[in-house]
Undergrad: 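Let me give you the structure first, and then I'll get to my questions.
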Amino acid sequence: MPQTKEQKKTTKDRDRIGVLFYGDSKGDFFNSVLTGINAALPTVRSDPKLDVRFSPMNAADQIRILDEMTKEPLKGLIISPIDDISVAKRIRALTDKGIPVVTVHTDIADSGRIAYVGTDPYKAGRVAASQMCLMCEPKTEVGIVTGFHGIKGHEQRIKGFEDYLAENDKGLTVECIGECRDDDYKAYELVQKMQSDHPGISAFFFATTGGIYGGCKGIWQMTTRLSFHVVTLDVLSATRDFMRKGLIDSSIYQNPKHQGALALKILTQKIYEGKDPEREINLSELSIKTAECLYL
């Protein structure tokens, strides 16, 4: 069978699609999103190549890396953006040039992106709080470990969590919130400092997928004298480990592989078929995972 025009493209001639995440390139969550993207890539007949990069958790570095990516022609972009006006303006500059952009896992306003794919982070925070209220005694003090206040999704999870507690009559309170920058070492130190500064804390909510291993290790080392309730996000290797040990009570699953696959589908349909997304906001269903429903 003769090759199509697309099949005859050399590696040099293949269209580039940018993928830009924040945080560590070894992080389990975004690598799961990337697995979903790669799984869907063979379905794209034009055979584009991916340019995958990770940026530190600040706007300036994300813009710098985005500028590096766009020095060569880019057909489209999938990005997990830092929620900063300067990042929004840079994305808008791309979309104004006709380069479609899809945000994944966390969104950003006024950027011109064609669609968002991910969960509803505010609802995820409320689901986490509902789990905490089921598990904890009245008036339990809670510490929240977040990744970075500059990530819209992280902030909305915290807001959802706090709003649910305020509406619930069990009197649970958030005593402190700290950033771990999705770093295990920082998360380890953070949880221990939180509990030292606020000895009444007996529960933790991780509003980010990064730093779960380090944070849970820090909590685990305190369990010889205290008992904690812990709610996290997703089912990553660290989540399974500490569920197996009985530390994590439940985790809110966000289906990262589905997020990646759908983001690529929406983007490539726009690039190669001129098809606009059926929905601007594409939400992945949330589910609650406990040790009893996992093969640990």
Side-chain angles (χ1 to χ4, degrees), residues 21-36 54-57 80 104-106 118-119 121 124-125 127-129 131-132 135-136 142-148 151 153-154 157-158 161 176-195 201-224 226-260 284 286-296:
F21 301 128
Y22 60 78
D24 190 338
S25 62
K26 297 179 181 178
D28 283 352
F29 180 82
F30 281 123
N31 274 297
S32 291
V33 176
L34 185 58
T35 296
F54 290 77
S55 75
M57 281 181 150
S80 297
V104 66
H105 189 54
T106 187
T119 59
V127 173
Q131 287 292 289
M132 197 70 84
M135 298 180 300
C136 294
V142 183
I144 295 180
V145 177
T146 190
F148 177 42
I151 302 294
H154 295 183
R157 287 186 202 119
I158 294 170
F161 189 90
C176 56
I177 302 171
E179 291 181 329
C180 73
R181 295 287 179 132
D182 284 4
D183 180 89
D184 283 318
Y185 292 104
K186 290 180 180 177
Y188 176 92
E189 294 174 348
L190 179 61
V191 296
Q192 297 208 337
K193 187 176 189 305
M194 282 182 169
Q195 215 284 319
I201 287 178
S202 59
F204 286 94
F205 168 49
F206 286 78
T208 179
T209 55
I212 288 177
Y213 174 78
C216 285
K217 185 176 181 180
I219 298 168
W220 179 255
Q221 292 187 350
M222 297 187 287
T223 57
T224 54
L226 296 168
S227 178
F228 295 93
H229 288 294
V230 178
V231 176
T232 60
L233 295 166
D234 270 293
V235 182
L236 310 172
S237 56
T239 321
R240 290 178 181 276
D241 185 19
F242 284 100
M243 273 190 177
R244 187 184 303 116
K245 292 179 178 179
L247 179 68
I248 295 176
D249 296 277
S250 62
S251 196
I252 314 305
Y253 185 60
Q254 303 177 106
N255 208 340
K257 293 179 183 178
H258 176 262
Q259 290 186 34
S284 298
L286 297 166
S287 58
I288 299 167
K289 302 295 186 181
T290 64
E292 287 74 20
C293 64
L294 298 178
Y295 294 100
L296 300 175

Undergrad: What's the spacing between Ile158 CD1 and Thr146 OG1 if we round to 0.5 Å?
TA: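 If I round to the nearest 0.5 Å, the distance is 4.0 Å.
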Undergrad: Could you work out, with side chain to side chain contact (heavy atoms under 4.5 Å, CB included) as the rule, every residue matching Gln192, not counting sequence neighbours?
TA: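 Here the qualifying residues are Tyr188, Gln221, Met222.
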Undergrad: Any sub-3.5 Å donor-acceptor pair from His154's side-chain atoms to Phe148's backbone N or O?
TA: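 Judged by distance alone, yes, a pair lies under 3.5 Å.
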Undergrad: Ignoring hydrogens, what is the shortest heavy-atom contact between Phe205 and Ala128? Give both atom names and the distance.
TA: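 For Phe205 and Ala128, the tightest heavy-atom pair comes out as CE1-CB, 3.4 Å.
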Undergrad: What are the two closest heavy atoms between Asn31 and Lys26, and how far apart are they?
TA: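 Taking every non-hydrogen atom into account, ND2-C, 3.6 Å.
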Undergrad: What residues form a ring pair (Phe, Tyr, Trp, His ring centres under 6.0 Å) with Phe30, not counting sequence neighbours?
TA: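 Residues passing ring pair (Phe, Tyr, Trp, His ring centres under 6.0 Å) with Phe30: Phe21, Tyr22, His105.
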Undergrad: Which heavy atom of Ile288 sits nearest to which heavy atom of Cys293, and what is that distance?
TA: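 Shortest heavy-atom separation between Ile288 and Cys293 comes out as O-SG, 4.4 Å.
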Undergrad: Determine which pairs satisfy side-chain hydrogen bond (donor to acceptor under 3.5 Å, both in side chains) with at least one residue from residues 177-187, sequence neighbours left out, and list them in order.
TA: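 Sorted pair list: Asp182-Thr208.
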Undergrad: With sequence neighbours excluded, tell me which residues meet side chain to side chain contact (heavy atoms under 4.5 Å, CB included) with Leu233.
TA: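 With sequence neighbours excluded, Leu233 shows a side chain to side chain contact (heavy atoms under 4.5 Å, CB included) to Arg157, Thr209, Ile252, Gln254, given in chain and number order.
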Undergrad: Using 0.5 Å steps for rounding, measure from the OG atom of Ser55 to the CE atom of Met57.
TA: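 Interatomic distance, Ser55 OG to Met57 CE, rounded to 0.5 Å: 8.5 Å.
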Undergrad: Lys289 and Thr239: side-chain contact (heavy atoms from CB on, under 4.5 Å), yes or no, with the steps?
TA: CA-CA 10 Å; Lys289 302 295 186 181; Thr239 321; over 6 Å; no
Undergrad: Rounded to the nearest 0.5 Å, how far apart are CZ of Arg244 and CG of Leu294?
TA: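 It is 10.0 Å, given to the nearest 0.5 Å.
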Undergrad: Has the side chain of Ser251 got a donor or acceptor atom that lies under 3.5 Å from a matching backbone atom of Val235?
TA: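 Such a contact is absent between Ser251 side chain and Val235 backbone.
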Undergrad: State, to 0.1 Å, how close Gly210 and Cys180 come at their nearest heavy-atom pair, and which atoms those are.
TA: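 Closest heavy-atom pair between Gly210 and Cys180: O-SG, 3.7 Å.
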Undergrad: Show your reasoning for whether side chain to side chain donor-acceptor pair (under 3.5 Å) applies to Thr106 and Ser80.
TA: CA-CA 6 Å; Thr106 187; Ser80 297; over 6 Å; no
Undergrad: Write down the atom of Ser284, the atom of Thr119, and the distance for their closest heavy-atom approach.
TA: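 Taking every non-hydrogen atom into account, O-CG2, 3.8 Å.
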Undergrad: Rounded to the nearest 0.5 Å, what's the gap from OG on Ser250 to CE on Met243? Could you check?
TA: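 Rounded to the nearest 0.5 Å, the OG-CE separation comes to 6.5 Å.
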Undergrad: Mind checking side chain to side chain contact (heavy atoms under 4.5 Å, CB included) for Pro256 and listing every partner two or more places apart, or none if nothing turns up?
TA: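 Checked Pro256 against side chain to side chain contact (heavy atoms under 4.5 Å, CB included); matches are Phe29, Ser32, Val33, Asp234, Tyr253.
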Undergrad: Distance check, rounded to the nearest 0.5 Å: Leu190 atom CG versus Cys176 atom SG?
TA: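 If I round to the nearest 0.5 Å, the distance is 7.5 Å.
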Undergrad: Return the minimal non-hydrogen interatomic distance between Met194 and Ile177, and the atom names on each side.
TA: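 Looking at all heavy atoms of both residues, the shortest contact is CE-C, 3.8 Å.
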Undergrad: Please name all residues satisfying side chain to side chain contact (heavy atoms under 4.5 Å, CB included) with Phe242, sequence neighbours left out, ordered by chain then number.
TA: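 Side chain to side chain contact (heavy atoms under 4.5 Å, CB included) check on Phe242 returns Tyr213, Cys216, Lys217, Trp220, Lys245, Leu247, Ile248.
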Undergrad: Check the pair Val230 / Phe206 against side-chain contact (heavy atoms from CB on, under 4.5 Å), numbers first and verdict last.
TA: CA-CA 8 Å; Val230 178; Phe206 286 78; 3.9 Å; yes
